[in-house]
Number of protein chains: 2
Amino acid sequence: MTKKSSKSVTADQYPLKKTQDDVVYEHIFEAVLEQRLAPGTKLNEESLAEIFAVSRTIIRRALSRLGHEQVVELRPNRGAIVATPSAAQARKIVLARRVIEKAVIELVIDNVNSEQLQLLRQSVDSEKQHFERGDRGAGIRQSGEFHLLLAKIADNPPLLSFQRSLVSQCSLIIGQYENSPQSHCSYDEHYQLIAAIEQGDKVSAATLMSHHLDHIENKLSLDEQQSTDNYLKSVFSDI
Amino acid sequence: MTKKSSKSVTADQYPLKKTQDDVVYEHIFEAVLEQRLAPGTKLNEESLAEIFAVSRTIIRRALSRLGHEQVVELRPNRGAIVATPSAAQARKIVLARRVIEKAVIELVIDNVNSEQLQLLRQSVDSEKQHFERGDRGAGIRQSGEFHLLLAKIADNPPLLSFQRSLVSQCSLIIGQYENSPQSHCSYDEHYQLIAAIEQGDKVSAATLMSHHLDHIENKLSLDEQQSTDNYLKSVFSDI
DNA sequence: GTTTAAATTTTTGTATACAAAAAATCAAAA
DNA sequence: TTTTGATTTTTTGTATACAAAAATTTAAAC
């Protein structure tokens with residue numbers, strides 16, 4: 001369990017009256033982001049119902065929402081599993097993120113105020129701390145929160161909700177494809193991004209963001225290559 | 001009831017085994033797109049359950065999904081109503097669509113084949129027919145289908161699912177803010193767009209798409225102004 | 001020992017009953 | 001007449017029972 005951040009990230013037009021399925025949803029969502037739930041893990045309804053001390057009705061609602069955001073895969077009559085995006089799917093998710101992040105960062109530069117810049121800095125500070133403490137899961141989640149915070153500052157609910165889905169899917173991808181733990185020190189780039197935002201430099205910001213996503217995508221290609229190699233090796237293992 | 005199009009537009013990784021809530025979802029979705037369900041209409045669970053001859057469980061699942069796509073507004077303990085985006089919200093939705101459509105159209109130009117061009121033409125033909133027959137509702141829906149077809153050809157499931165949500169929200173907006181029925185002859189611009197795609201002209205295509213969205217946004221400003229005028233008038237009606 | 005088929009168990013899908021909240025109705029007071 | 005408060009009705013939220021499907025186990029045949 002990790003601490004609750006002060007402000008909700010969802011587009012909450014209705015006050016903070018969190019329904020039971022919201023709570024379940026957020027717990028599972030966070031577990032996926034922190035990679036405590038590995039891709040492919042079966043999410044048994046009754047087990048979850050016991051864990052959260054609610055009925056299956058509530059669990060099903062939460063899973064349905066997670067399914068809609070592509071965080072879990074809903075297989076008719078066969079239950080839900082944590083999504084396992086293929087390299088090809090991952091590539092498309094990253095592409096979609098390129099599109100959204102570029103738009104978001106430009107909107108942020110147009111809208112941002114000093115208070116929000118402070119929030120951004122705090123977010124990256126927290127991310128850095130998690131990584132330095134060796135809590136990679138929390139670090140990756142906090143990294144995601146940084147990008148969600150950007151979308152929030154961009155002040156466009158549809159983009160935010162899309163970003164939410166993309167960020168969680170990217171966390172899954174990172175968890176699946178990025179093996180070297182030391183390589184994921186995104187917070188450095190995040191600080192640079194904040195600087196570019198502060199200076200109102202759209203071109204630099206967009207370039208930085210693009211590099212940031214390149215890192216994810218490169219890992220992907222590498223891993224894809226490896227998998228192919230291993231696959232061929234296993235096929236001809238008797239030679 | 002309108003004819004089913006040959007191919008499903010949803011990202012269907014699982015075969016065509018439509019569940020009951022899918023059917024309910026699609027019916028309500030289509031009714032919203034065709035503006036047979038006006039913005040603000042209360043969607044009573046029990047009434048819908050009777051109409052579709054299923055239990056409330058199914059209805060709630062369908063409404064939950066529609067709520068997630070922002071097609072209906074889910075008010076805790078107060079039921080669902082067809083969404084009624086304000087002018088400010090509408091502007092943000094249109095902005096999000098600008099972002100997505102630009103990306104989609106460029107992907108389409110990179111990927112499209114002659115068979116898909118044919119599908120695009122058929123879609124606009126159908127749209128034109130609906131408008132010429134005076135069936136504005138079906139026309140608007142078919143116009144939406146054209147844009148969903150583009151996203152489908154772009155071959156990026158996350159963008160497609162986002163587009164789906166945006167297109168339906170735009171239909172709501174058009175229904176709310178566009179009063180002059182003759183003005184909505186988008187199919188002309190759609191034909192031009194196909195031509196630009198065929199020629200691989202990304203710049204023209206993007207420009208056309210942008211104009212297309214300008215039309216929606218202009219209507220919005222006009223109506224916003226009118227509402228304000230009326231509001232002021234009503235406030236000072238005793239003078 | 002492996003494969004196939006039947007029986008059993010588990011799990012998901014749907015309907016429904018009941019609880020909780022909101023809306024509507026009605027009655028009394030100003 | 002309008003307003004306020006209590007009562008009733010309606011509607012939503014949740015749990016649960018049962019049905020249907022899938023997974024697992026068991027048993028038999030090869």
Side-chain angles (χ1 to χ4, degrees), chain A residues 8 10 12-29 31-32 37-84, chain B residues 10 12-29 31-32 37-84 238:
Chain A
S8 158
T10 36
D12 39 9
Q13 16 195 49
Y14 288 101
L16 348 77
K17 200 187 181 185
K18 269 185 194 159
T19 60
Q20 293 191 83
D21 41 67
D22 277 335
V23 175
V24 174
Y25 164 86
E26 279 170 22
H27 271 95
I28 300 179
F29 185 85
V32 171
L37 274 172
T41 305
K42 176 78 191 286
L43 299 171
N44 182 286
E45 294 180 5
E46 198 137 26
S47 310
L48 290 171
E50 263 190 56
I51 291 166
F52 291 103
V54 293
S55 76
R56 276 179 51 221
T57 308
I58 306 297
I59 301 296
R60 284 176 70 80
R61 263 183 90 87
L63 289 178
S64 160
R65 188 169 157 204
L66 288 161
H68 197 270
E69 290 180 5
Q70 311 276 102
V71 175
V72 307
E73 189 182 335
L74 260 37
R75 308 166 305 168
N77 281 317
R78 305 203 40 219
I81 57 172
V82 177
T84 57
Chain B
T10 37
D12 38 9
Q13 17 196 47
Y14 290 99
L16 351 74
K17 199 186 183 185
K18 269 184 196 159
T19 60
Q20 292 190 85
D21 41 66
D22 277 335
V23 174
V24 174
Y25 164 85
E26 280 169 22
H27 271 94
I28 299 178
F29 185 85
V32 170
L37 274 172
T41 306
K42 176 78 189 288
L43 299 171
N44 182 285
E45 295 180 4
E46 197 137 29
S47 310
L48 290 170
E50 263 189 56
I51 291 166
F52 290 104
V54 292
S55 75
R56 273 178 54 220
T57 308
I58 307 298
I59 301 298
R60 284 176 69 80
R61 264 184 89 87
L63 289 178
S64 160
R65 189 171 158 202
L66 289 161
H68 198 269
E69 290 181 5
Q70 311 276 101
V71 175
V72 307
E73 188 182 336
L74 259 38
R75 307 166 306 169
N77 281 316
R78 304 201 41 219
I81 58 171
V82 177
T84 56
D238 55 330

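Labels below follow one simple rule: chain letters A, B, ... track the order of the sequence lines, proteins then strands, and each chain is numbered from 1.
- Judged as a salt bridge (charged side-chain N to carboxylate O under 4.0 Å, His left out), the pairs with a partner in residues 51-60 of chain B (not counting sequence neighbours) are, in order, B:Glu45-B:Arg56, B:Glu45-B:Arg60.
- Applying the side chain to side chain contact (heavy atoms under 4.5 Å, CB included) criterion to A:Ser55, with sequence neighbours excluded, gives A:Thr57, A:Ile58.
- The side chain to side chain contact (heavy atoms under 4.5 Å, CB included) check on A:Leu37 picks up A:Ile28, A:Ala31, A:Val32, A:Thr41, A:Leu43, A:Val82, with sequence neighbours excluded.
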Which letter, B, S or -, goes with each nucleotide of nucleotides 10-16 of chain C from 5' to 3', with contact meaning a protein heavy atom under 4.0 Å?
-SBBBBB
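- Counting to the nearest Å, the C1' atom of D:dT10 and the CG atom of B:Leu48 are 16 Å from each other.
- Looking at residues two or more places apart in sequence or on another chain, you find a side chain to side chain donor-acceptor pair (under 3.5 Å) between A:Ser47 and A:Asn44.
- Applying the ring-ring contact (aromatic ring centres under 6.0 Å, His included) test to residues at least two apart or on different chains, the pairs with a partner in residues 41-68 of chain B are A:His68-B:His68, B:His27-B:Phe52.
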